[in-house]
Amino acid sequence: MNVFKYFRALLEKELETLAASGNLPVGLKTDAITVEPPRDAAHGDMATNAALVLAKQAAIKPRDLATKLVPGLLALDEVDDVEIAGPGFINIRLAPSFWQGCVSGIVASGLSYGDSTLGGNEAVNVEYVSANPTGPLHVGHTRGAVFGDALANLLTKAGYRVTKEYYINDAGSQIDTLARSAYLRYCEVHGRHIGDIPEGLYPGDYLIPVGQALKEKYGDRFLDEEEGAWLSVVREDATAAMMSLIRSDLEALGITQEIFHSEKALHASGEIEAAIEDLRAAGHIYEGVLEPPKGKKPDDWEPREQTLFRATDFGDDVDRPLKKSDGTYTYFAADIAYHHDKIKRGFHAMIDVWGADHGGYVKRMQAAVRALDDKADLDVKLCQLVRLFRAGEPVKMSKRAGTFITMRDVVDEVGRDVTRFIMLTRKNDAPLDFDFTKVTEQSRDNPVFYVQYAHARVCSVLRKAQELFPHMDTDDSALAGADLSRLTRDGELALIRHMAAWPRLVESAAEAHEPHRVAFFLYDLASEFHTLWNRGNDDPSDRFLIEEDAGLTQARLALLRAAALVIASGLSVLGVVPVKEMR
RNA sequence: GUCCCCGUAGCUCAGCAGGAUAGAGCAUCAGAUUCCUAAUCUGAGGGCCGCAGGUUCGAAUCCUGCCGGGGACACCA
């Protein structure tokens, strides 16, 4: 339950009551009303701007309007105190019993705590990674992969029906390059001297096994043959090999996408023509000549009549070509067909996760989606660069020298969970520094550790509790039913308030398509927890396990269990497994 | 030349679809350990939220224009 939504609903009811009794005008617009946690805890547990927002419509001064609302709010069982503050905020202080009840609610819900019905089971398509199948995934892909996957989890938790997809760019000229590179390795495993890999081909060792496999499958059949004899065969096999490499890389990160859609298949099936015909029928296609780009003019610019999509009618800066000079379709045309396909499969909400270097492509794709279906909406999330460091020193990478760092390298060195968490410690559109040394450090500076440590500490206390109280029932149903009125310390209530905000955070992060907020939330929650833990250092009566008071201990264990569940629930959105002890 | 992203403490960054006195971590300084893991915690200093206008009860947040940094700009993918 989102407690803020709950109280907002109660507030609306009160407004209706006041309107019915003639104390307020009827039909006030309440959209702008918010009920949210105040920044300053001194302002109570919840604050609403209702009086400020309604004052003008109701023609009543904000503070006077607030005064009308107070008695009704004060009459609620959950409310302890209400005060009017500043220009007309209403600050609400809730009864401790309300917060205490939250704890048993959390423990009873377990990992599903925070699940929301916000999405109303709406279908959402999340497309991410979609790297060219020409080699293993590198660090840059890792960020997009983790981001997309966490976003999918987040949307699922928020009540959307999510489909995760990968668009295989297997139709372009880079696939020919892949095939030629693999062919070279094929010659090599036949004992031919290939020397240095020529400029323009892929030099990576990962193609050697592909050459080997080609040899095993085809023997020497293609040796000394013209390209025409082997290109399409090798292209097919090499692409398949690369896709299985990529899929196993993704698996190492714990990522599984349901749909892998091939660009090549779009060309073969006639879906591109179909999509373009749809657009043409709607009047969005024409034959025309583009103006040369201002400023930087390409050397080989020549005016040429092309098949163009009227992207400018849908917010783009120029109209976009759908066919190349050789008559084949552009990448954009195929991508239109792909999104056309998504729409036909019933998706109105689509999210694409791209690298920031594709920023220039966003407007045209959104324009195309809008042109295809005015009910469809495409959000594009751009992921900025990952800068690698080791002990503060930048890690030098060179594709030519073959020293680029792959996703596999990162996961092998620091582990899946660390990789995933760290990739979400920045907003997607901000660059991210990834320091191999720092991310495995055990300090507050390292958010993964800090959050995991909090979870491990809870598990440690629960283990200790069983030693100290062998007869105490510490399973979840017992803890949920404990007498929680014993939870009265400030730090305990602060922790509960934080946990109570989890459902709200899930909803707002899901609406904004920003999974990094979950990572920050967990860090703050962990901080709240560690603070409470350390109170016990100053005052033994503040420890969780009080030997002479089993009832109090059980209440505190329920609190800790709730904290661990919220952490685990948040980590599961990030795709990270909570640990029971630190090693 | 056009478009997109960014500009918040010395450094790295949050800031919740406009709210009250702008927050963390690191670094600096001062403290806490007979103890469930001190791998942690407490406190202090540190800010024209790039600049200038606008919108309104109220702006770091929305709009416009500048300045600075990054990225992208017919037919590649």
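What you see is a predicted model, and the numbers here were worked out from it, not measured in a lab. Chain naming here is simple, since letters A, B, ... match the order of the sequence lines and numbering starts at 1 in each.
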Asker: Just compare B/U37, B/C41, B/A77 and give me whichever is closest to any side-chain atom of A/Asn132.
Answerer: B/A77
Asker: Output yes when at least one side-chain N/O atom of A/Arg517 is less than 4.0 Å from OP1 or OP2 of B/C16, else no.
Answerer: no
Asker: Quick check for you: among B/C36, B/U42, B/C4, whose closest atom lies nearest to any side-chain atom of A/Trp533?
Answerer: B/C36
Asker: Listed in order of residue number, which residues of residues 421-429 of chain A have a non-hydrogen atom at under 4.0 Å from RNA chain B?
Answerer: A/Arg426, A/Lys427, A/Asp429
Asker: Please confirm whether A/Arg310 makes a cation-pi placement over A/Tyr286, using NZ or CZ under 6.0 Å from the six-membered ring centre and within 45° of the ring normal.
Answerer: yes
Asker: Within residues 519-532 of chain A, which residues have any heavy atom lying less than 4.0 Å from an atom of RNA chain B?
Answerer: A/Phe520, A/Tyr523, A/His530, A/Thr531
Asker: May I ask you to evaluate whether A/Arg444 reaches the phosphate of B/C41, defined as a side-chain N or O under 4.0 Å from OP1 or OP2?
Answerer: yes
Asker: Within 45 degrees of the axis of the six-membered ring of A/Phe436 and under 6.0 Å from its centre: does A/Arg390 put its NZ or CZ there?
Answerer: yes
Asker: Rounded to whole Å, please give me the gap between CH2 in A/Trp354 and C1' in B/A77.
Answerer: 12 Å
Asker: Taking CG from A/Asp542 and P from B/C35, how many angstroms apart are they, rounded to a whole number?
Answerer: 18 Å
Asker: For A/Ser541, give me all partners under side chain to side chain contact (heavy atoms under 4.5 Å, CB included), at least two apart in sequence or on another chain.
Answerer: A/Asp539
Asker: If only side-chain N and O atoms of A/Lys324 are considered, is one of them under 4.0 Å from the OP1 or OP2 phosphate oxygen of B/A74?
Answerer: no
Asker: Let's test your reading of the model: under 3.5 Å, does the base of B/U40 pair with the side chain of A/Asn534 as donor and acceptor?
Answerer: yes
Asker: Is NZ or CZ of A/Arg504 both nearer than 6.0 Å to the six-membered ring centre of A/Phe4 and within 45° of the ring axis?
Answerer: yes
Asker: Is there a donor in the side chain of A/Thr134 and an acceptor in the side chain of A/Gln174, or the other way round, less than 3.5 Å apart?
Answerer: no
Asker: Could you identify which residues of residues 31-49 of chain A place a heavy atom less than 4.0 Å from some atom of RNA chain B, listed by residue number, or say none?
Answerer: A/Arg39, A/His43, A/Ala47, A/Asn49
Asker: Answer yes or no: does atom NZ of A/Lys438 have more than 12 heavy-atom neighbours from other residues, nucleotides or ligands under 6.0 Å?
Answerer: no
Asker: Below 6.0 angstrom between ring centroids: does that apply to A/His516 and A/Phe147?
Answerer: no
Asker: For RNA chain B, report each stem as range with range, ordered by first number, or say none. Use Watson-Crick or G-U wobble pairs under 3.5 Å, at least 3 in a row.
Answerer: B:1-7 with B:67-73, B:10-13 with B:23-26, B:28-32 with B:40-44, B:50-54 with B:62-66
Asker: Who are the ring pair (Phe, Tyr, Trp, His ring centres under 6.0 Å) partners of A/Phe529, not counting sequence neighbours?
Answerer: A/Trp533
Asker: Taking the same atom, C1', in B/G7 and in B/C51, what whole-Å distance lies between them?
Answerer: 11 Å
